[in-house]
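The chains referred to below are lettered A, B, ... by the order of the sequence lines, with proteins before strands, and numbering in each begins at 1. Hydrogens, waters and symmetry mates are skipped; everything else that's a heavy atom, side chains included, is used.
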Amino acid sequence: MIFAPVEEQLAIIRRGVEKIVPEEELAARLKKSRDTGVPLRVKYGIDPTGIDVHLGHTVPLRKLRQFQELGHQAVIIIGNYTALVGDPSGRDHARSKKLTADEVEANARDYLTQVGKVVDMSKAEVHRNGDWFGKMSFADVIQLCGKVTVAQMLTRDDFAKRHAAGTPIFMHECLYPIMQAWDSVVIKSDIELGGTEQLYSFMLARDLQRDQSLSQQIGVMSPILVGLDGERRMGKSLGNYIGIAETPYDMMKKFMQVPDVVMKMYFELLTSISMEEIDKIMAGHPKEAKIRLARAVISGYHSEQAADEAADRWQREISGGELPADIPVVTLSLTALKAQFPLCEADLSQRTLAANRLVKEMGLAPSNGESLRLIAQGGVSVYRDGKFVPIADGRAPLLLEDNMLVRVGKKKIARLSLQN
RNA sequence: GGCGGGAUACCCGAGUGGCCAAAGGGGCCAGACUGUAAAUCUGGUGGCAAUGCCUUCGCAGGUUCGAAUCCUGCUCCCGCCA
């Protein structure tokens with residue numbers, strides 16, 4: 001195996017990385033690998049607790065891919081046993097949801113498929129940590145626990161906070177970092193990838209590796225990717241994520257909503273564009289830069305052509321004000337409406353209905369009251385003669401026409417399909 | 001086990017008999033401005049067939065012409081002491 005010079009490797013590895021611990025060991029480890037021709041074993045562990053992989057997850061995954069491209073060995077750990085515990089990292093309370101072994105396995109398979117979009121799975125080792133934890137006896141567990149003290153455990157920031165606050169820390173949670181660290185011993189990792197909140201586990205792994213007379217792993221920690229709101233970490237529960245399985249156009253729309261201030265971070269962490277090039281792009285118009293960013297990322301998960309199409313479509317429909325290509329159709333029947341609104345029968349016979357009711361029935365507002373408020377504020381319009389005309393009066397009858405387009409705000413739009 | 005504090009709308013939080021569908025803030029929605037960015041400004045933010053009616057202040061009862069507010073019981077949270 002021929003490796004690139006150490007400095008070249010370092011430059012790639014350091015990009016978008018928040019912390020390398022211990023930093024000074026990395027160059028020496030790379031040099032040794034290059035001299036001996038033995039690739040480094042780069043570990044990345046994931047707990048198969050959720051399903052949708054989003055861009056936040058891809059940050060360490062991309063780093064893993066970079067290591068692969070440098071000729072090193074990717075080792076993916078599926079934490080099917082640690083998932084039974086739940087990662088306490090950054091949490092102020094124990095996880096309540098317990099997954100069954102079947103759920104965990106189904107999640108694991110799904111995960112690996114998605115991970116394959118970033119990592120070259122044909123060259124990666126995949127292990128399930130149940131393979132070794134499942135075989136351990138209780139005596140083995142006791143022995144393993146004998147390597148860590150309570151005081152050490154309490155140096156963990158999240159545990160310390162919980163201990164101080166008097167919130168419970170369960171014994172099985174204490175096992176989590178020990179298990180994660182033991183994974184490193186078993187697979188003999190040289191590097192471990194993860195977020196900065198993993199520092200404690202990464203360091204514990206070094207202790208256990210030394211205890212086993214193994215070389216100690218180096219932690220390469222990525223920063224946390226902020227979500228679409230530009231403030232909080234990208235996460236499913238916060239609804240501020242871009243999933244890697246989303247359609248090109250959906251990704252496009254989400255990218256364009258990202259605040260400018262996080263663009264640079266996104267470029268650095270989510271694309272392979274060189275830092276010099278990024279600076280050049282950022283110096284131009286922010287809108288163009290954002291489109292460039294979106295295209296770069298989208299083409300990685302779909303294709304360049306799909307990314308270009310999504311970008312063009314965004315330019316036409318959103319920026320250019322053209323009608324969207326996929327307007328949802330809502331079918332309403334006059335007969336059904338008459339049954340629903342017996343007092344409006346006379347109106348309906350004339351094919352009219354109070355505007356606020358129509359908006360609600362088309363699913364564009366959750367209630368008649370909300371619909372009325374939206375109309376009063378000029379937020380609802382009907383497409384006529386090539387443009388959207390605001391509805392003036394929410395209570396006034398509106399002539400129902402087949403194929404009419406009704407829009408609420410800038411984003412919600414529906415086409416009426418009228419039947420008798 | 002003892003003493004005390006608390007539970008209000010999506011979240012935080014004011015309100016301690018009628019002026020309360022409930023202050024204020026955050027979030028969210030709409031409008032203006034824009035690059036569907038940010039910032040700023042404006043309006044809105046229980047439901048209904050609507051100058052009224054219905055539901056909502058932890059749960060269940062009660063007092064009262066009238067209860068988020070007072071009383072009783074219950075559930076859950078949180079302090080301090082043991």
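- Pair assignment for B/rC76: B/rG6, on the basis of Watson-Crick or G-U wobble contacts that are both within less than 3.5 Å.
- In this structure, A/H302 has no ring-ring contact (aromatic ring centres under 6.0 Å, His included) partners at least two apart in sequence or on a different chain.
- Taking the C1' atoms as reference points, B/rC76 lies 16 Å from B/rU8, given to the whole Å.
- In this structure, A/W132 and A/H127 have tilted ring planes: the angle between them lies in the 30° to 60° band.
- Under the Watson-Crick or G-U wobble criterion, with both distances below 3.5 Å, B/rG1 is paired with B/rC81.
- Atom NZ in A/K253 sits roughly 17 Å away from atom C1' in B/rG35 (whole-Å rounding).
- Look at B/rC20: it lacks any Watson-Crick or wobble partner with both distances under 3.5 angstrom.
- Phosphate contact (OP1/OP2 of B/rG31, side-chain N/O of A/R373, threshold under 4.0 Å): absent.
- Candidate nucleotides B/rA50, B/rC48, B/rA37 were compared by shortest atom distance to the side chain of A/K290, and B/rA37 ranks first.
- A straight line from CD of A/Q257 to C1' of B/rG35 spans 13 Å, rounded to a whole angstrom.
- For B/rA32 and B/rA38, the P atoms lie 16 Å apart once the distance is rounded to whole Å.
- Under 4.0 angstrom from either OP1 or OP2 of B/rG46 there lies no side-chain N or O belonging to A/S367.
- Here the P atom of nucleotide B/rG47 and the CG atom of A/N356 are 12 Å apart, to the nearest Å.
- Under a 4.0 Å N-O distance rule, the pair A/E345/A/K338 does not qualify as a salt bridge.
- Taking atom C1' in both B/rA14 and B/rC65, the straight-line distance is 28 Å, to the nearest Å.
- Within residues 374-392 of chain A, the residues that have a heavy atom under 4.0 Å from RNA chain B are, in order of number, A/L374, A/Q377, A/G378, A/G379.
- When distances run from any side-chain atom of A/L343 to the nucleotides B/rU45, B/rA49, B/rC48, the shortest one goes to B/rA49.
- Across B/rG5 and B/rG73, the matching P atoms stand 15 Å from one another, rounded to whole Å.
- With salt bridges taken as basic N to acidic carboxylate O contacts below 4.0 Å, one links A/E317 and A/R313.
- Sorted by first and then second residue, the ring-ring contact (aromatic ring centres under 6.0 Å, His included) pairs with a member in residues 379-420 of chain A read A/Y383-A/F388; sequence neighbours excluded.
- B/rG66 and B/rC19 have their C1' atoms separated by 14 Å, with the value rounded to a whole Å.
- Summary of the strand contacts: A/P366 and A/K411 both lie near RNA chain B, and taking for each the nucleotide with the nearest heavy atom, the more 5' one is attributed to A/K411.
- Atom-to-atom, CZ of A/R395 to P of B/rU51 comes out at 9 Å; the value is rounded to the nearest Å.
- For the C1' atoms, the distance linking B/rC28 with B/rA9 amounts to 14 Å, nearest Å.
- Figure legend. B/rA14 is base-paired to no nucleotide; pairs are counted as Watson-Crick or G-U wobble with both atom distances under 3.5 Å.
- B/rG43 and B/rC29 make up a base pair, with Watson-Crick or G-U wobble contacts both under 3.5 Å.
- Remark: C1' of B/rU34 and CD of A/E288 are 15 Å apart, rounded to the nearest angstrom.
- By the 4.5 Å heavy-atom criterion applied to side chains, A/L418 and A/E401 are not counted as neighbours.
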Verdict with supporting geometry, A/D120 and A/R65, salt bridge (charged side-chain N to carboxylate O under 4.0 Å, His left out):
CA-CA 7 Å; A/D120 182 353; A/R65 172 71 188 226; 5.2 Å; no
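- Nucleic acid contact for A/R407: none, since no nucleic acid atom lies under 4.0 Å from a heavy atom of the residue.
- Base pairing annotation: B/rG61 forms a Watson-Crick or G-U wobble pair with B/rC71, both donor-acceptor distances under 3.5 Å.
- A donor and an acceptor atom sit less than 3.5 Å apart, one in the side chain of A/D260 and one in the base of B/rG35.
- Here the separation of B/rA68 from B/rU16, taken at their C1' atoms, is 9 Å to the nearest Å.
- Residues A/L364 and A/V380 form no side-chain contact, since every pair of their non-hydrogen atoms from C-beta on lies 4.5 Å or further apart.
- OP1 or OP2 of B/rG47 has not a single side-chain nitrogen or oxygen of A/N368 nearer than 4.0 Å.
- The line from CG of A/L40 to CD of A/Q217 is 12.0 Å long, rounded to the nearest 0.5 Å.
- One C1' atom belongs to B/rG13, the other to B/rG27, and the distance between them is 14 Å to the nearest Å.
- Using a 4.0 Å heavy-atom distance criterion, A/P259 is classed as a sugar-phosphate-only contact.
- In this structure, A/R357 reaches the B/rA49 phosphate: one of its side-chain N or O atoms is under 4.0 Å from OP1 or OP2.
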